[in-house]
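Report on the following structure.
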Amino acid sequence: MVNIRLPDGAVRQFDGPVTGLDVAAAISKSLAKAALAIRVDGVLKDIYLPIERDATVEIVTRDTQAGLDLLRHDAAHVLAEAVKELFPETQVTIGPTIENGFYYDFARPEPFSPDDLVRIEARMREIVKRDEPIRREVWDRDEAVAFFKAAGEHYKAEIIAGIPAGEEVGLYRQGAFIDLCRGPHLPSTGRLGTAFKLMSVAGAYWRGNSDNEMLQRIYGTAWANDKDLEAYLLRLEEAEKRDHRRLGREMDLFHLQEEGPGSVFWHPKGWTLFQTMIGYMRRKQIAAGYLEVNTPEVLDRSLWVRSGHVEKFGENMYLTQTPDERVFALKPMNCPGHVQIFRQGIRSYRDLPLYLAEFGKVHRYEPSGALHGIMRVRAFTQDDAHIFCTEEQITEECVKASRLIQQIYHDFGFDDVVVKFSDRPERRVGSDEIWDHAEAALKAALAALQVEWTLNPGEGAFYGPKLEFVLRDAIGRDWQCGTVQVDLNLPERLGATYVASDGSRRHPVMIHRALFGSLERFCGILIEHFAGHFPLWLAPLQVVVATITDDADDYAREVQDAARRLGLRVESDLRNEKISYKVREHSVTKVPVLLVVGKREAETRTVAIRRLGGKAQEVLGLDEALAALAAEARSPLDRVA
RNA sequence: GCUCACAUAGCUCAGCAGGUAGAGCACUUCCUUGGUAAGGAAGAGGUCAUCGGUUCGAAUCCGAUUGUGAGCACCA
């Protein structure tokens with residue numbers, strides 16, 4: 001007798017061992033059809049495996065997240081089976097589930113072409129049609145290794161050889177294809193359904209290490225039903241529409257060109273956005289006690305040797321040689337420059353904490369494959385600052401800097417921010433005591449902030465641990481923006497000292513912090529986040545006055561002047577075009593407010609307001625309308641909370 | 001940097017069994033004065049990314065370089 005407890009609390013009795021399928025069938029026919037796997041006392045299991053003892057059982061169906069993951073995992077196996085059938089010389093490696101889909105890494109001397117992808121997907125659909133049973137087998141580890149070696153599957157053999165001896169090795173067999181897998185799996189390939197699609201091929205390193213050989217990774221997406229698949233593909237299209245590279249062109253914000261890979265040409269509108277962000281940040285920082293400075297972009301290489309950058313960061317640095325054969329480096333970071341300012345004169349502990357801030361443009365020779373629009377560039381502007389303080393002040397200063405970051409993200413419309421704490425890397429300077437101290441201080445800051453955070457083990461800077469503030473963009477990519485780093489090293493290397501209260505000379509602690517991180521990247525994120533529909537205070541062009549006929553030209557100029565006097569960024573469109581043409585054009589370039597004026601408006605001194613994306617129009621008196629717009633266009637710093 | 005793909009007018013793209021380029025939009029001029037997402041006509045605009053090779057002849061085939069895209073690795 002086996003008692004099966006269901007999630008709703010009901011208990012069903014069976015005469016003997018039952019499978020998940022039996023349980024599902026006992027409940028309803030449709031459930032049996034939708035069932036993919038079972039959760040027995042919280043553990044996912046294959047649906048055809050017998051349940052011998054009393055247990056709580058949950059049927060996992062394709063419309064749950066767990067079911068979807070199973071589906072995608074199976075899609076990866078079906079992909080591998082299809083590839084092995086079509087290209088038997090290919091070696092299989094791993095094929096996990098990822099967000100929205102799956103991938104599988106293959107080793108094969110010949111690359112897969114886009115045409116191959118089409119063939120592979122067609123074969124996958126055949127395998128689904130064949131509805132091959134998928135069955136779990138338990139093997140002895142060494143036998144499994146020998147089996148895969150004999151089959152020429154050396155990667156698989158290597159993976160299995162890494163499993164501790166004595167641990168159970170589960171293999172899954174479908175048709176002629178057999179693969180190592182923890183499972184569980186669907187009972188047969190037919191359960192996968194038709195809602196999947198191969199998306200792309202790309203290279204990927206074996207075990208994620210760039211020293212290893214490169215494999216070929218095939219990406220796919222899979223869903224519970226065709227409708228979800230369609231919706232996903234539509235979402236991709238929508239995401240493409242808000243791609244900052246496309247909007248940057250359409251809104252005339254910036255461009256990049258071949259001669260300056262990874263360097264932005266900011267157009268007037270883009271630069272206005274950029275300056276609006278700097279203006280905001282400048283005020284924010286001054287209010288927080290920062291002192292703005294500016295340091296050279298080109299400095300003698302010897303300084304970078306002393307700072308340790310040549311050794312640690314040299315591969316990423318631009319060097320220039322002058323006619324007198326001196327070698328200079330373009331600064332990849334602002335910190336050494338700020339230390340030079342700190343070193344001028346004699347500092348006292350009474351001067352600390354000292355906040356030096358700079359909108360510093362840095363140059364880093366990034367790997368060509370890393371470049372991406374204005375999100376990942378080789379020349380960028382940091383809203384960088386260095387807080388020189390005592391060891392006792394570390395926690396408090398980190399808390400203050402982190403609070404600043406949170407406030408700023410909030411003002412820009414981001415409330416979901418992931419915080420990562422990166423602790424000591426293997427290659428580092430400084431004693432363990434110093435690291436213990438620095439990490440403890442940062443952790444104390446996290447506790448004081450009361451934020452959720454995740455650990456990024458071993459990812460700290462070589463001079464100290466760091467907090468990273470990560471935003472997620474519209475296409476689901478994570479971008480590291482703000483960062484707070486504790487540095488117990490550079491001040492010493494570059495000879496920065498202060499006189500402590502007991503008269504001794506000490507090295508200050510340096511906290512590196514950037515709030516936006518890279519202004520260029522943050523602009524890109526804003527563009528995608530808002531899909532170009534900026535809030536009024538950020539919009540580079542806030543208002544266009546558009547005429548209906550040239551009867552209204554004089555009045556339109558008057559409206560434009562009045563708006564400009566109120567500080568609004570405004571243009572007028574007096575062209576000999578129909579109003580619908582003008583509406584379309586300014587909608588495409590994402591102008592937030594259109595003030596339409598014709599003969600009626602000129603006579604009554606009103607404006608017809610049309611908002612971007614809206615259909616409705618509102619006719620208001622000129623002064624009233626402009627006052628409201630001016631109020632809306634105020635910086636968040638000028639708004640009453 | 002690595003793998004694969006791509007590079008034709010400002011933009012989106014067609015042309016590719018090798019015979020020196022084409023569309024739509026944008027731009028200029030003219031007509032049109034039209035009330036909320038493209039009014040009409042005409043015109044101008046390209047050393048087909050760069051360099052080299054094959055060929056009587058290359059946008060088209062081959063190679064290299066540069067750049068771009070999707071990933072990987074790296075990262076603000």
Flag for A:E311-A:H309: side-chain donor and acceptor within less than 3.5 Å:
no
Is the closest side-chain donor-acceptor distance between A:K420 and A:Q480 under 3.5 Å?
no
How about A:E292 and A:Q285: do any of their side-chain heavy atoms sit closer than 4.5 Å?
no
Within residues 608-616 of chain A, those residues having any heavy atom closer than 4.0 Å to RNA chain B are A:A608, A:R610, A:K615
Dot-bracket for RNA chain B, please, read 5' to 3', with Watson-Crick or G-U wobble pairs under 3.5 Å on both distances, ( ) within the strand, [ ] crossing, | other strand, . unpaired.
(((((((..((((.....[..)))).(((((.......))))).....(((((..]....))))))))))))....
Reading 5' to 3' through nucleotides 9-17 of chain B, protein heavy-atom contacts under 4.0 Å coded B for base, S for sugar-phosphate only, - for none:
--SS-----
What about the rings of A:Y232 and A:W223, do their centers lie closer together than 6.0 Å?
yes
Just verifying a value: how many Å separate A:D573 CG and A:Q560 CD, rounded to the nearest 0.5 Å?
10.5 Å
Nucleotide-resolved protein contact map, nucleotides 67-76 of chain B, B/S/- at heavy-atom distance under 4.0 Å
S-SSBBBBBB
Mind listing the N/O atom pairs, protein and nucleotides 41-47 of chain B, below 3.5 Å?
none

Using OP1 and OP2 only, check whether a side-chain N or O of A:Y365 sits under 4.0 Å from B:G1.
yes
I'd like to know whether CD of A:E315 has more than 12 heavy-atom contacts from other residues, nucleotides or ligands below 6.0 angstrom.
no
Taking only residues two or more places apart in sequence, or in another chain, which ones meet A:S422 in a side chain to side chain contact (heavy atoms under 4.5 Å, CB included)?
A:N456, A:E459, A:K466, A:E468
B:C2 P sits how many Å from A:D211 CG, rounded?
14 Å
Ring-ring centroid check A:F112 A:F87, cutoff 6.0 Å
yes
Please confirm whether the ring centroid of A:F265 lies under 6.0 Å from the ring centroid of A:F254.
no
